[in-house]
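A note on names: the letters A, B, ... follow the listed sequences, proteins ahead of strands, and every chain is numbered from 1.
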There are 2 protein chains.
Amino acid sequence: MIENDIFKALADPTRRAIFDKLASGAMNASSLREGMEISQPAMSQHLSVLRNARLVKEERQGRFVNYQVDPAGLNVVAHWLSKYRAFWPERIDALKTLLKDMDQ
Amino acid sequence: MIENDIFKALADPTRRAIFDKLASGAMNASSLREGMEISQPAMSQHLSVLRNARLVKEERQGRFVNYQVDPAGLNVVAHWLSKYRAFWPERIDALKTLLKDMDQ
DNA sequence: ACAACACATAAGCACACACTTATGCATTGA
DNA sequence: TCAATGCATAAGTGTGTGCTTATGTGTTGT
């Protein structure tokens, strides 16, 4: 179940930080580690979890692996969230009708 | 950190199922258990986690405790998601501009 | 008053998870 | 060719998590 993989992946704060960093621009695993006090294997394992959840996708470039955000995972979160739009605050009420189109 | 509590709470499939059931209408803990093969303490513990994440709020009614969805938690997820709208599929592109207003 | 009920909490246990160190596997540049 | 580099994987370890059984606390109806 992909939805479960996604929410489990996002449950870790380090992984959300990695994802957030990646959202500001694609980069390889070494660049991701910069300023993040995390070991190389730990980073590799986190990226593996994120990739498995389709939150991130990789592209090998020589001995580097370039990582970037994969919209697929985010889309699942968006759809999960859209199921509960009835409970969203009124000030983003306009969002509700738009999300209705999302369902098809 | 509330965001962390929320994502950790949503990481469990049983908890997401409870939340989903609650989204279809407020009810007490016993009603929630119906058709869910879950022990009473387990349900109580899950509700405690959801309440702590502000995904759910309670209202005591005599010896019953009525639970309902708390928009606060959902709102945090919505804001988290809005940070990455640049990666959302094009077909919900109209959503981007609207979410821009959300940031203020 | 008291039994039945709704729910919370405590304690213990099996398993999942995030880390570590060690090592393996390609790829690159000298 | 070979050392250095980028990354993945294996194995082990401490901690967190979700469950269980047992018990506690407050409320209701008789």
Side-chain angles (χ1 to χ4, degrees), chain A residues 1-22 25-70 73 77, chain B residues 1-22 25-70 73 77:
Chain A
M1 194 207 205
I2 184 72
E3 184 186 272
N4 202 44
D5 292 332
I6 291 171
F7 280 109
K8 279 201 181 303
L10 294 177
D12 185 75
T14 304
R15 230 135 46 202
R16 286 199 307 279
I18 292 170
F19 181 83
D20 192 72
K21 198 165 184 178
L22 222 42
M27 64 186 91
N28 57 50
S30 296
S31 302
L32 274 171
R33 285 185 61 206
E34 284 170 18
M36 275 205 72
E37 278 199 38
I38 185 176
S39 70
Q40 180 270 316
M43 174 59 78
S44 185
Q45 287 159 16
H46 280 310
L47 286 170
S48 174
V49 173
L50 288 169
R51 183 165 10 97
N52 218 283
R54 297 197 61 189
L55 280 162
V56 142
K57 54 186 173 183
E58 65 175 45
E59 185 187 348
R60 191 162 257 286
Q61 283 171 350
R63 68 181 153 170
F64 296 85
V65 176
N66 206 268
Y67 281 94
Q68 56 181 311
V69 167
D70 185 346
V77 178
Chain B
M1 195 209 205
I2 185 71
E3 185 186 270
N4 203 43
D5 292 332
I6 291 171
F7 279 109
K8 280 200 181 302
L10 293 176
D12 185 75
T14 304
R15 230 136 45 203
R16 287 199 306 279
I18 292 170
F19 181 84
D20 192 72
K21 198 166 184 179
L22 222 43
M27 65 186 89
N28 57 49
S30 295
S31 301
L32 274 171
R33 284 185 61 205
E34 284 171 19
M36 274 205 72
E37 278 200 37
I38 185 174
S39 71
Q40 180 270 316
M43 173 60 78
S44 185
Q45 286 158 17
H46 280 309
L47 286 170
S48 174
V49 173
L50 288 169
R51 182 165 10 95
N52 220 284
R54 298 197 60 188
L55 279 162
V56 142
K57 54 186 173 184
E58 65 174 47
E59 185 186 348
R60 190 160 258 287
Q61 284 172 349
R63 68 181 153 170
F64 295 85
V65 177
N66 205 267
Y67 280 94
Q68 57 181 309
V69 168
D70 185 345
V77 177

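- Here the side chains of B:E3 and A:R16 are in contact, with some heavy-atom distance below 4.5 Å.
- Counting heavy atoms from C-beta on, the side chains of B:L22 and B:M27 come closer than 4.5 Å.
- Here salt bridge (Lys or Arg N to Asp or Glu O under 4.0 Å) pairs that include residues 56-68 of chain B, with residues two or more places apart or in two chains, are B:R51-B:E58.
- In this entry the distance linking CZ of B:R63 with C1' of C:dA4 reads 7 Å, nearest Å.
- In this structure the side chain of A:D12 never reaches within 4.5 angstrom of the side chain of A:V49, judged on heavy atoms.
- The CZ-P distance, from A:R33 to D:dC7, rounds to 9 Å in whole Å.
- Between B:Y67 and C:dA6 there is no side-chain N or O to OP1 or OP2 distance below 4.0 Å.
- Distance, A:L47 CG to D:dT9 P: 11 Å, rounded to whole Å.
- Closest contact between the side chain of B:S30 and the listed nucleotides D:dC7, C:dA8, C:dA6 involves C:dA6.
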Protein N or O to nucleotides 16-24 of chain D N or O, pairs below 3.5 Å:
residue, atom, partner, partner atom, Å
D:dG18, OP1, B:R15, NH2, 3.1
D:dG18, OP2, B:R15, NH1, 3.0
D:dG18, OP2, B:R15, NH2, 3.3
D:dC19, OP2, B:H46, NE2, 2.2
D:dT20, OP2, B:S39, OG, 2.8
D:dT20, O4, B:Q45, NE2, 3.0

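- One interatomic measurement links the two molecules: CZ of B:F64 to C1' of D:dT25, which rounds to 16 Å at whole-angstrom precision.
- To the nearest angstrom, C1' of C:dA18 lies 16 Å from CD of A:E37.
- Regarding B:E59, its CD atom lies at a distance of 16 Å from the C1' atom of C:dA6, rounded to whole Å.
- Taking the side chain as every heavy atom from C-beta outward, B:L55 and B:R15 never approach each other to under 4.5 Å.
- If you take CD of A:E34 and C1' of D:dT5, they are 15 Å apart, rounded to a whole angstrom.
- Remark: C1' of C:dC19 and CE of A:M43 are 14 Å apart, rounded to the nearest angstrom.
- The shortest side-chain heavy-atom distance between A:M36 and A:I18 falls under the 4.5 Å cut-off.
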